[in-house]
Structure formats: structure tokens, C-alpha cells
Amino acid sequence: MMDQKPMEGAEPFAAPSAEAAHAYIAEYEAVQMRRENLLDRRRIARFAVIEAVVIAVYLTVGAFTTVTDSRFIFCLGLFLIWLQLSAERRESIGAIAAPGVAISRRRPWSIVAVVLVSIVLIVVYVAVLLEPVPMALRFLPGLLALVAFGAPAVRALIRSPRIAEPVRRRALTRNERIATMAVGAAMSGMILFVLWSQGDLSLISTGALVFMIGYLALWCIGRISSRMPALGAVWAGAQWATFAASAVLLTAALVVPEAMAEHAVAVAIVAVGILAAFIAASFRSGIDD
């Protein structure tokens, strides 16, 4: 029964007839069908696979640090940047739900995911009680996350039909280009800072605090201003590849600082090269979804 009131004090609408109700349902199904025809399920599944890999890598890297370690704050900040970009990307391609949910709605996969996440939490708790932490336990959370989120994504990727329609491209706008360069400057600057700190946790903690404050400020600006571009929605392969390279180098500088310090000059050159790559990528075409 319809109990809607268009204005306060007005009588509710009359209940629709059976024919009208069937028409509403048919129209809803038609809208759902049109939406499905516009979605590229293969692109959604492909991006879900990437998300599963990123989550697994993040958990594995986090297992080699501790929550009280200032390096963990850098890793957390880098993961927050990824979450922001990936959320923008998911929204642009129609995969609004969380990783693994949009590409598989079957209950068995949900149960498997819940069980695996519970195992991860138990393993983390046990690992905190053990000193030193066994190497196998450090890799276990990442592997379980890869199975929980990656398996349904790969399954959807295999079953998704190929769409012949090419992805539309366009040049990045001025704001998008500047924002891409700013991300490159931030990533390159963080790599150089971590390299310069030479494992000094007090310096790293100060830098991590500044980084998190800056990220929070930009996040707030993005919520109140429409001029902040959604880079995750417009970046194409060149921009994503450059960001991935910078994230890998920053993670390596945080996890194995001694090895990076031994090749400090080469790492610094690569960091500057990453900034140049971001600048070059900002002039490459993006995606027009």
C-alpha cells in the first residue's frame, strides 16, 4: 500500500491497481537491464583483481611493521591515497560497492570472506603475543586477503564477456593536470625524505605526521570544493603505472631502508625521475567515462 504524502496534511495517494503495480515492476526491471547494458563487467572485475592485490600487499607490508612504528603511518597514508583513488575509479565504472561485493553477490563467497577476515584478525592477535613473529605468520594475512577478494574477482573476470567498444579518451583538464603533478611531487618528496632520514624514526614520525595532516587537509577540501578533481576517475594507464611505480619505491624505502641507503644516489635519481614521469603523464590523455 502506498502511504506517501506529497505535502503535510494531504491525503495519501491511492493504492495502485494490480496492472499499475506490474507495470512499475516491469519498468524497474527494464531500468536495471539498461544499467547492466551500460556497465563493463570485465573492467569492473579487472579492477577488483587489482584491488585484491593491493590489499594483500598492504597487509603483508603492514605485517613487517608495527602500529607503533612511524613507518606504519607512512604505509597507512599511502593506503589512504589508494583508497581515495580507487573509490573514485569504482564510482566512475559503476562498481560502487566494496571490493569483491560488486562482482559477486553470492552468499558462499561472502561467508568465505568473513571467515578469512576472522582468521586474519586471529592471526594478527596471536602474532602480537609472539616475539619474534614467525615469518609464515607475516605472509599469512596477505595471502588470505588475496584469496578472499581475489578469487571472486578472477572468477568474474573469466565469466565476463568482452566488450568491443573502446574506452573513450580525452586530455586532462588544467586542474587535473596540476593535481597529477602535485601527487607526483608528494610521492617523490616522501621517497627523498625517507631516504634522507636514514632510518631515523624520530624524523620519519615527524614526516609522517606532516603527511597525514596534509592528506587530511586535502581530503576536507575535496569534500567542500568542487574544484578538486577526482583523479581516480580520469587517470588512464600512464598515470596509474607512474603512481604504482612511486608507491613500490616508497614502500621499499620504508620496509628495507638499509638496502635503499646503500644505493641512495640511484634511489634519489629514480625518485626525481618519478616526478618527471608524473609531469609527463599529466600531459597524456585520460579516460572519459
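From a predicted model like this one, the values you see are computed outputs, not experimental measurements. Along the sequence shown, residues carry numbers from 1.
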Nearest-0.5 Å distance that lies between atom [atom1] in [X] and atom [atom2] in [Y]:
X	Y	atom1	atom2	answer
L195	I191	CG	CD1	9.5 Å
T242	F278	OG1	CZ	6.0 Å
L78	T251	CG	OG1	5.0 Å
S188	M181	OG	CE	14.0 Å
I279	T180	CD1	OG1	11.0 Å

Do [X] and [Y] come close enough that some side-chain heavy atom pair is under 4.5 Å?
X	Y	answer
L192	M187	no
I50	W240	no
V265	I269	yes

Same cluster (ILVMFWY, side-chain, under 4.5 Å), [X] and [Y]:
X	Y	answer
V248	V183	no
L275	L249	no
I178	L231	no

Any salt bridge between E51 and R46, counting N to O under 4.0 Å? no
Decide side-chain contact (heavy atoms from CB on, under 4.5 Å) for F79 and L83; before the verdict, give the C-alpha distance in whole Å, the side-chain angles of both, and the deciding distance to 0.1 Å. CA-CA 6 Å; F79 188 65; L83 288 180; 3.7 Å; yes
Do any N or O atoms from the side chain of [X] and from the backbone of [Y] form a donor-acceptor pair under 3.5 angstrom?
X	Y	answer
R42	L157	yes
Q84	I81	no
R284	A238	no
R177	S282	yes

Show the nearest heavy-atom pair for residues [X] and [Y], with the distance to one decimal.
X	Y	value
A45	A153	CB-O, 3.9 Å
V234	R170	CG1-NH2, 3.1 Å
L146	A56	CB-CB, 3.9 Å
A236	S285	CB-O, 3.6 Å
G142	T60	CA-OG1, 3.6 Å
E88	P229	OE2-O, 4.5 Å

Stepwise side-chain contact (heavy atoms from CB on, under 4.5 Å) check, V53 with F149: CA-CA 9 Å; V53 173; F149 296 111; over 6 Å; no
So I287 and W235, side-chain contact (heavy atoms from CB on, under 4.5 Å) or not? Walk me through it. CA-CA 6 Å; I287 294 177; W235 273 4; over 6 Å; no
One pair to check against side-chain contact (heavy atoms from CB on, under 4.5 Å): L172 and Q239. What are the steps and the verdict? CA-CA 11 Å; L172 299 182; Q239 293 85 11; 3.9 Å; yes
